[in-house]
2 protein chains.
Amino acid sequence: MTVLISKKPEHETIYLRVKEMILFGEVVPGQPVTIHGLADLIGTGVTPAREAIRRLTAEGALVTLENRRIAVPAMTTRRLQQIELVRLTVEPELAEAAVAYVSQNDINELERLDSLVDDAIKGGDIRGYLEANYRFHFHLYHLADAGILRRIAESLWLRVGPSLRVVCGRYGTANLVDHHRAAIQALRQGDAQKTREAMTQDIRQGMGFIQQTATD
Amino acid sequence: MTVLISKKPEHETIYLRVKEMILFGEVVPGQPVTIHGLADLIGTGVTPAREAIRRLTAEGALVTLENRRIAVPAMTTRRLQQIELVRLTVEPELAEAAVAYVSQNDINELERLDSLVDDAIKGGDIRGYLEANYRFHFHLYHLADAGILRRIAESLWLRVGPSLRVVCGRYGTANLVDHHRAAIQALRQGDAQKTREAMTQDIRQGMGFIQQTATD
DNA sequence: TGCTCGATAATTTGATCAAAAGTGCCGTGA
DNA sequence: TCACGGCACTTTTGATCAAATTATCGAGCA
């Protein structure tokens, strides 16, 4: 019965749910995560919750403390440096590789997502901004045939999500700037180099913004 | 009873065991991995085996097929390109960052490990080569205070382990060259730039070697 | 021979339970 | 007041079982 429910296993559902919670700033750095708490949240047993937590821990989205507790890691300048280095390698490459595959439909979708980003910024909607910004970037990255790079990028976004939430909450969304327009224009022209540069600028901008939350 | 056994949970033990099996070429690309098979291998229940598999899957060491089967992924040139790009970003950075922390004891240990590498090459001992080579690199990488980069590097090594085994088995160990001596000398001189360059050369060399197994 | 269909076997998935380990609170005694 | 120890509660961990899903293999048929 209930043939319409997803074919995904439960642990996949929990994984995706928690992943979005982290990416879109619904959790706070330092916040503890318990197996049973997750199971209750989704209304399922502890077994799939455990598997989802292991997966997120392996991706660096969660950390296991010295005892056996699990928590969302806090940001430090050292961590931020490492993340920026790899983001600046991986994401411009993904954007450049996407140029060869981008279609008119993709351009339209990217423009739609970018307008959602702008709306969220104007409206001060932090969660909406984080989600639209993520979807813009990863719609583009999905076009590139580069699963390894994309998964590294996702892992890095998971690490900055909570901090981005904090900094947006502190300084508001008004100061947010992005280079999505330049990227879209470069994509439309099929200019790989310009696409890469727009993405590089976008990342530098965002990481500089996050810098303000880094402790020590 | 057995108070001397490790304080690690079972799933951690299984994870480390399978990780070494993959890193050191004890598994073949395409080889299926079953949850019960792992449990039997270690002599434990299926629950911790599942958690270990989820973790390795999240790290890209294993892949889930279209059905629910788990397997060791095969290498392709596209995957190899992506891995090389990130390795060339992350590992020279780790090596350079390690320079500031390296002690005389570390130098001695690196020389010992490098001699193990040479012995394994001379003796045609593939497993010994893979293990000593890994320990050389990651002893160095552990010195750098850069857990995020190191974990990315480990994830990438997990992806090349099975292929490295295949190519060594096919062409033997005689053709293996490395730049460990140059790296050690640069470390001894405290020359960060030279250390970075030696590591870059070492990676290029190794990835070129693996290229020979890539399909399509 | 080559093919489909169906039954059996193997595997994953998720719930549940018991044991181990950790946390925090509260009262006693100096 | 404060240190210390006991006790209850929470959480993780691993085993086990049932259900669901998938693979495998063989019989029947054109």
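What you see below is based on every heavy atom in this structure, not just the backbone, and it leaves out hydrogens, waters and symmetry mates. Here is the naming used below: chain letters follow the sequence lines, and residue numbers restart at 1 for every chain.
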Going by the salt bridge (Lys or Arg N to Asp or Glu O under 4.0 Å) test, which pairs reach into residues 146-166 of chain A, not counting sequence neighbours? A:Lys19-A:Glu154
Got a sec, which residues hit ring pair (Phe, Tyr, Trp, His ring centres under 6.0 Å) with A:Phe136, two or more places apart in sequence or on another chain? A:His180
Results of ring pair (Phe, Tyr, Trp, His ring centres under 6.0 Å) for B:Phe24 - residues two or more places apart only: B:Tyr134
Filter on ring-ring contact (aromatic ring centres under 6.0 Å, His included), then keep only pairs touching residues 51-74 of chain B, sequence neighbours left out; what's left? none
Can you run down the salt bridge (Lys or Arg N to Asp or Glu O under 4.0 Å) pairs that involve residues 101-111 of chain B, sequence neighbours left out, and say none if there aren't any? B:Glu109-B:Arg112, B:Glu111-B:Arg188
Would you mind building the protein contact string for nucleotides 10-24 of chain C? One character per nucleotide, 5' to 3', B for base within reach (heavy atoms under 4.0 Å), S for sugar-phosphate only, - for untouched. --SBBBB----B-S-
